[in-house]
There are 2 protein chains.
Amino acid sequence: MNYKNHVTRLSQYKSVLQRLVKSGIEKTYAESISKHIGIPATQIRKDFSLFGIRGNKRGGYNVLELLEELKINLGLNRDLPFILIGYGNLGKALARYHGFHEGCVRIIAAFDPKVGVLSSIPPIPVYPPASISAFLKDNPVKHAVLAVPDDVAQSMFDELYAEGIRGFINFSTIALNVPEDAYVNNVDLELELETVIYYTKESNNKTK
Amino acid sequence: MNYKNHVTRLSQYKSVLQRLVKSGIEKTYAESISKHIGIPATQIRKDFSLFGIRGNKRGGYNVLELLEELKINLGLNRDLPFILIGYGNLGKALARYHGFHEGCVRIIAAFDPKVGVLSSIPPIPVYPPASISAFLKDNPVKHAVLAVPDDVAQSMFDELYAEGIRGFINFSTIALNVPEDAYVNNVDLELELETVIYYTKESNNKTK
DNA sequence: AGATTGTCGTGATTATTGTCACATAATTAT
DNA sequence: ATAATTATGTGACAATAATCACGACAATCT
């Protein structure tokens with residue numbers, strides 16, 4: 001299954017389910033998940049169906065079981081360390097980002113010319129870029145967060161790819177040249193703000 | 001026109017065009033834009049057609065003119081101030097985010113219980129949340145960046161909405177309850193990382 | 001036990017989005 | 001001047017995604 005929207009929704013479901021678990025709720029329904037995130041209940045059931053997730057006829061879904069299924073489908077049922085490349089403002093913010101501590105994603109080390117220890121919880125060490133190769137020899141990490149300036153993004157990417165990293169999230173604004181067997185998720189924050197502007201232009205005040 | 005993907009692509013085109021302008025390039029073609037961002041040339045032309053952007057038969061597009069057209073369509077041809085709510089790690093990173101200084105988006109003030117002046121370029125003042133209302137009386141801002149903890153996101157949203165803000169970008173992980181006439185772009189950073197994980201699962205090593 | 005209700009699961013249908021093929025126009029070459 | 005070339009622009013088509021309608025089934029009620 002290759003469709004980005006499905007994966008995004010699955011991840012949203014997971015997020016809701018985690019909140020339900022925290023509130024001690026044990027059972028839920030497509031209809032109530034729908035209330036939380038505004039996705040039609042029928043779409044939710046269709047997604048579950050597509051990914052082979054089954055509920056109980058009439059009884060809804062067991063929250064813990066459903067969460068586990070979602071994690072399996074998302075590939076989050078294992079330990080998933082990331083390394084963070086670039087410890088500027090954005091890198092720092094990501095390392096400290098609260099959301100991650102509650103989820104499944106873990107940043108285990110950062111690399112930046114300016115070394116030190118990040119005071120996040122748990123603390124994340126910052127190593128010089130030259131030590132990336134050695135670090136990856138000892139730590140078989142497969143995912144990296146690229147939060148470096150545009151002008152070094154491609155060369156950092158190439159180096160990480162050569163070291164075996166295959167999954168990337170790229171915060172630089174340039175489009176990377178990416179081999180077939182790697183996956184890059186580009187997150188362009190300015191673009192996200194611009195989307196907001198578009199949808200609030202007077203001329204677009206129709207429905208959405 | 002209401003289709004999110006189109007707007008996202010338009011914004012990508014704009015980004016490429018800005019880079020071309022900086023390099024002093026004056027003329028471009030659907031085919032060469034395609035090379036930069038990996039979107040098929042025919043898709044690019046179709047998008048332009050949809051938004052009424054015309055090129056020159058055989059002659060391609062004049063870079064400056066095209067950029068201007070894109071900005072008009074995106075609503076970026078005017079001054080577009082944002083206020084930033086929440087000056088934690090993420091808020092700080094956004095305020096200092098390099099990309100914004102080159103683009104059209106401008107954060108003119110931040111609000112956080114911890115006041116001060118952000119040392120970005122240009123410097124951004126940080127005011128207490130209680131002064132939001134007064135600030136908006138003097139500064140007719142219509143867009144806000146919500147970078148506050150989950151538990152206050154909805155109440156902050158409600159307050160800003162009451163003050164007339166209609167365009168939001170929301171970095172909290174909860175789904176906000178949003179009136180019909182407001183637009184919220186939710187950016188969930190953990191979800192973005194999880195997408196990377198999904199696409200690099202061994203079982204999904206097909207094409208993409 | 002049998003009827004009733006509530007919720008899931010999914011094939012059929014509709015809507016949206018992307019791709020293709022080709023007509024059209026401008027430029028260059030002969 | 002005419003032909004050849006190279007882009008654009010767009011209607012027709014194909015692929016993808018979302019919604020709907022309804023059947024199945026478990027739980028509850030009488």
Side-chain angles (χ1 to χ4, degrees), chain A residues 1-13 16-17 20 25-70 73 195 198-199 204 206-208, chain B residues 1-13 16-17 20 25-70 73 195 198-199 204 206-208:
Chain A
M1 271 152 246
N2 242 333
Y3 306 114
K4 177 128 185 183
N5 290 345
H6 292 211
V7 178
T8 304
R9 284 200 300 268
L10 237 53
S11 196
Q12 288 181 268
Y13 304 151
V16 172
L17 268 281
L20 294 180
I25 293 166
E26 293 178 3
K27 219 163 97 176
T28 191
Y29 306 89
E31 202 59 61
S32 55
I33 297 175
S34 171
K35 292 260 172 51
H36 277 89
I37 43 177
I39 291 169
T42 126
Q43 172 88 74
I44 295 172
R45 287 201 292 272
K46 194 76 198 261
D47 285 338
F48 288 175
S49 163
L50 197 61
F51 284 86
I53 297 172
R54 323 298 311 271
N56 312 305
K57 282 280 163 69
R58 177 148 190 185
Y61 303 86
N62 175 297
V63 169
L64 284 174
E65 277 171 30
L66 178 52
L67 180 56
E68 193 53 30
E69 292 264 28
L70 288 170
N73 274 287
T195 304
Y198 178 84
Y199 282 109
N204 293 76
K206 303 173 204 178
T207 329
K208 215 181 174 182
Chain B
M1 270 152 248
N2 242 332
Y3 307 115
K4 176 127 186 183
N5 290 346
H6 292 209
V7 178
T8 304
R9 284 199 300 268
L10 237 52
S11 195
Q12 290 181 268
Y13 304 151
V16 172
L17 268 281
L20 294 180
I25 293 165
E26 291 178 4
K27 218 163 96 176
T28 191
Y29 306 88
E31 203 59 62
S32 55
I33 298 174
S34 171
K35 292 261 173 49
H36 278 87
I37 44 177
I39 292 169
T42 126
Q43 173 88 73
I44 295 172
R45 287 201 291 272
K46 192 76 196 266
D47 285 338
F48 288 176
S49 163
L50 196 62
F51 284 84
I53 296 172
R54 322 299 311 271
N56 312 304
K57 279 282 164 67
R58 174 143 193 191
Y61 303 86
N62 176 296
V63 169
L64 284 174
E65 276 171 31
L66 178 53
L67 180 56
E68 193 51 30
E69 292 264 29
L70 289 169
N73 274 287
T195 304
Y198 178 85
Y199 282 109
N204 293 75
K206 303 172 204 180
T207 329
K208 213 179 176 185

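A, B, ... follow the sequence lines: proteins, then strands. Residue 1 opens every chain. Treat the numbers as computed from the prediction; the structure is a model and nothing was measured.
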Grab the [atom1]-[atom2] distance between [X] and [N] for me, whole Å please.
X: B:Arg45; N: D:dG9; atom1: CZ; atom2: C1'; result: 8 Å
X: A:Leu10; N: D:dA18; atom1: CG; atom2: P; result: 13 Å
X: B:Asn5; N: D:dA18; atom1: CG; atom2: C1'; result: 14 Å
X: B:Phe51; N: D:dG9; atom1: CZ; atom2: C1'; result: 16 Å
X: B:Arg54; N: D:dT8; atom1: CZ; atom2: P; result: 12 Å
X: A:Gln12; N: D:dA18; atom1: CD; atom2: P; result: 11 Å
X: B:Phe48; N: C:dG18; atom1: CZ; atom2: C1'; result: 16 Å
X: B:His6; N: C:dT19; atom1: NE2; atom2: C1'; result: 13 Å

(request) Please test A:Tyr198 against B:Leu10 for side-chain contact (heavy atoms from CB on, under 4.5 Å), starting from the C-alpha separation and ending with a verdict. (result) CA-CA 10 Å; A:Tyr198 178 84; B:Leu10 237 52; 5.5 Å; no
Ignoring backbone atoms, test whether [X] places a side-chain nitrogen or oxygen under 4.0 Å from the OP1 or OP2 oxygen of [N].
X: B:Arg9; N: C:dG18; answer: yes
X: B:Ser49; N: D:dT10; answer: yes
X: B:Asn56; N: D:dA7; answer: no
X: B:Gln43; N: C:dT19; answer: yes

(request) Of all the heavy-atom pairs spanning A:Gly59 and A:Lys27, show the shortest one and how long it is. (result)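 The pair with the smallest heavy-atom distance is O-CE, 3.3 Å.
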(request) Could you tell me which non-hydrogen atom of B:Leu17 sits nearest to which non-hydrogen atom of B:Val63, and how far apart they are? (result)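 Distance-wise, the nearest heavy atoms are CD1-O, 3.4 Å.
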(request) State which residues pass side-chain contact (heavy atoms from CB on, under 4.5 Å) with A:Ile37; sequence neighbours excluded, sorted by chain then number. (result)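 Residues passing side-chain contact (heavy atoms from CB on, under 4.5 Å) with A:Ile37: A:Gln12, A:Tyr13, A:Val16, A:Ile33, A:Ile39, B:Ala175.
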(request) Using heavy atoms and a sub-4.0 Å distance, could you list which residues of residues 57-64 of chain B are near DNA chain C? By number, please. (result)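 Listed by number, they are B:Lys57, B:Arg58.
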Look up atom [atom1] in [X] and atom [atom2] in [Y], then write down how far apart they are to the nearest 0.5 Å.
X: A:Asn5; Y: B:Lys4; atom1: CG; atom2: NZ; value: 10.5 Å
X: A:Leu64; Y: A:Leu20; atom1: CG; atom2: CG; value: 10.0 Å
X: A:Glu65; Y: A:Ile53; atom1: CD; atom2: CD1; value: 11.5 Å
X: A:Thr42; Y: A:Glu31; atom1: OG1; atom2: CD; value: 10.0 Å
X: A:Leu67; Y: A:Thr28; atom1: CG; atom2: OG1; value: 11.5 Å

Show each protein N/O and nucleotides 11-14 of chain C N/O combination with a separation under 3.5 Å, one pair to a line.
from: C:dA12; atom 1: N6; to: A:Lys46; atom 2: NZ; distance (Å): 3.3

(message) I want to check something: taking the side chain as every heavy atom from C-beta on, are B:Ile44 and B:Ser34 in contact at a cut-off of under 4.5 Å?
(response)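 Contact flag for B:Ile44/B:Ser34 side chains = yes.
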(request) Would you indicate whether the side-chain heavy atoms of B:Phe48 and B:Glu69 approach each other to under 4.5 Å? (result)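 No, side chains not in contact.
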(message) Within residues 26-36 of chain B, which residues have any heavy atom lying less than 4.0 Å from an atom of DNA chain D?
(response)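 Residues of residues 26-36 of chain B under 4.0 Å from DNA chain D: B:Tyr29, B:Ala30.
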(message) For a side-chain contact (heavy atoms from CB on, under 4.5 Å) check, start with the C-alpha distance between A:His6 and A:Arg9, then their side-chain angles and the critical distance, and finish with the verdict.
(response) CA-CA 5 Å; A:His6 292 211; A:Arg9 284 200 300 268; 3.4 Å; yes
(request) Can you pull out how bent the helix from C:dA1-D:dT30 to C:dT30-D:dA1 is, comparing the axes over its first five and last five pairs, to 10°? (result)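 About 0° separates the two local helix axes.
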(message) Suppose the criterion is side chain to side chain donor-acceptor pair (under 3.5 Å): which pairs have a residue in residues 50-62 of chain B, not counting sequence neighbours?
(response)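 For residues 50-62 of chain B, and leaving out neighbouring residues, there are no side chain to side chain donor-acceptor pair (under 3.5 Å) pairs at all.
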